[in-house]
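Input: a single structure, listed below in structure tokens.
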Amino acid sequence: MENGNTKKTAVLIYDQFCNFEISVALEILAIAEKQITVFAKSLANVRSEEGLNVCPDRCISDIDVSEYDSLLLPGAADIREVIEDEEMLSFIKLFANNQIIIGAISIAPILLLKCGIMGELPFMAGIDREELFEEGFTEKELSQMQGWTDNINKPIKDGYIISGNIITSVSYEFVRFGLAFAGLLGIDISPETFGVKMQ
């Protein structure tokens with residue numbers, strides 16, 4: 001299933017990133033023969049939450065955003081360091097400013113919030129509002145957020161939220177998230193490939 005689009009997907013990784021959350025998205029990109037570039041703060045190996053040591057292809061300072069049509073952001077066991085890193089946030093803003101498709105799962109949507117990208121757009125995140133109030137986020141910023149407990153008590157049927165060019169989800173919906181992220185890129189693959197029954 002070759003993808004006719006020559007633009008690539010950027011994947012941003014950081015310490016303790018959660019590999020499984022983006023595994024389906026990456027597998028679909030591989031099936032579609034769509035190139036990815038793995039970015040990190042530097043070219044040093046980055047250790048995932050699961051203990052995988054990943055060697056980035058490029059550092060964030062080496063980016064020509066015109067080569068990309070999408071950005072994939074995994075969650076992480078602890079994303080505080082990234083949230084406080086202006087270089088990392090500037091990298092993400094490059095994609096948002098160019099209206100490029102962004103997929104963010106688990107805690108990663110908070111990076112978009114920190115960048116000022118979400119505005120008052122609906123989004124999902126694997127954390128509760130109360131924890132984010134403690135970090136200085138406002139009621140207005142979080143007014144459209146579907147947090148972890150919200151998702152447990154009243155799940156979003158699709159398993160993700162698409163707001164314009166941005167798709168967000170929570171960790172346990174990683175299969176539906178991956179399928180929908182690929183769909184935004186025009187990659188059509190049967191959900192049953194990944195165990196999702198067609199309704």
Do V46 and L89 land in one hydrophobic cluster if side-chain heavy atoms of ILVMFWY residues count as linked below 4.5 Å? yes
Donor-acceptor pair, distance only, cut-off 3.5 Å: does the side chain of D158 make one with the backbone of Y160? no
Looking only at atom types and distance, does a side-chain atom of S171 sit under 3.5 Å from a main-chain N or O of S106, one as donor and one as acceptor? no
Any side-chain heavy-atom pair from F177 and V24 closer than 4.5 angstrom? no
d(I92 CD1, C115 SG) to nearest 0.5 Å is 4.5 Å
Taking every non-hydrogen atom, the tightest pair across L184 and I101: O-CD1, 3.3 Å
S163 and P122 have their tightest heavy-atom pair at OG-O, 2.6 Å
Should L26 and I100 be counted in the same cluster of Ile, Leu, Val, Met, Phe, Trp and Tyr side chains packed under 4.5 Å apart? yes
A side-chain contact here means heavy atoms from C-beta on lying under 4.5 Å apart; do L111 and F91 qualify? no
Roughly how far, to the nearest 0.5 Å, is CD1 of I102 from CG of N165? 6.0 Å
With a 4.5 Å heavy-atom cut-off, do L185 and I28 have their side chains touching? no
Rounded distance (nearest 0.5 Å) linking atom CD of E131 with atom CD1 of I110: 10.0 Å
Min side-chain heavy-atom separation E49-P74 under 4.5 Å: no
With the side chain counted from C-beta on, respond yes when K8 and Y68 share a heavy-atom pair under 4.5 Å apart, and no when they do not. yes
Between E67 and R58, is there a side-chain N and carboxylate O pair less than 4.0 Å apart? yes
T168 versus I166, closest heavy-atom pair with distance: CG2-CG2, 4.0 Å
State the CG-CG distance between D128 and N151, to the nearest 0.5 angstrom. 9.5 Å
Do I127 and M145 come within less than 4.5 Å of each other through their side chains, counting heavy atoms only? yes
Verify side chain to side chain contact (heavy atoms under 4.5 Å, CB included) between F17 and V54, making sure each step is shown before the conclusion. CA-CA 10 Å; F17 77 94; V54 179; 3.7 Å; yes
Check: F123 and I161 side chains under 4.5 Å, non-hydrogen atoms: no
Could you check T9 against F181 for side chain to side chain contact (heavy atoms under 4.5 Å, CB included), going step by step and ending with a plain yes or no? CA-CA 11 Å; T9 295; F181 177 75; 4.1 Å; yes
From CG (D62) to OG (S42), nearest 0.5 Å: 12.5 Å
Do L132 and V170 sit in one hydrophobic cluster, given that two such residues count as connected whenever their side-chain heavy atoms are within less than 4.5 Å of each other, even indirectly? no
Do you reckon V38 sits in the same ILVMFWY cluster as L94, going by side-chain contacts under 4.5 Å, direct or chained? yes
Shared hydrophobic cluster for L113 and M124 (ILVMFWY, side-chain gaps under 4.5 Å): no
So, taking the atom named OG in S70 and the one named NZ in K34, what distance separates them when rounded to the nearest 0.5 Å? 5.0 Å
Spell out, as yes or no, whether a donor-acceptor pair under 3.5 Å connects the side chain of E50 to the backbone of F20. yes
Between M88 and I60, is the side chain to side chain contact (heavy atoms under 4.5 Å, CB included) condition met? List the steps. CA-CA 7 Å; M88 296 286 265; I60 57 173; 3.7 Å; yes
Tell me, do M118 and E141 make a side-chain contact under 4.5 Å, heavy atoms counted? no
Closest approach of I167 to A180 (non-hydrogen atoms, all atoms of both residues): CD1-CB, 3.3 Å
Where L142 and R129 come nearest, the two heavy atoms and their spacing: O-NE, 3.1 Å
Looking only at heavy atoms, the pair that brings L43 and P56 closest together is O-CD, 3.8 Å
Treating N97 as the side-chain partner and K93 as the backbone partner, does any N or O pair qualify as donor plus acceptor under 3.5 Å? yes
Salt bridge check: are K41 and D15 linked by an N-O gap of less than 4.0 Å? no
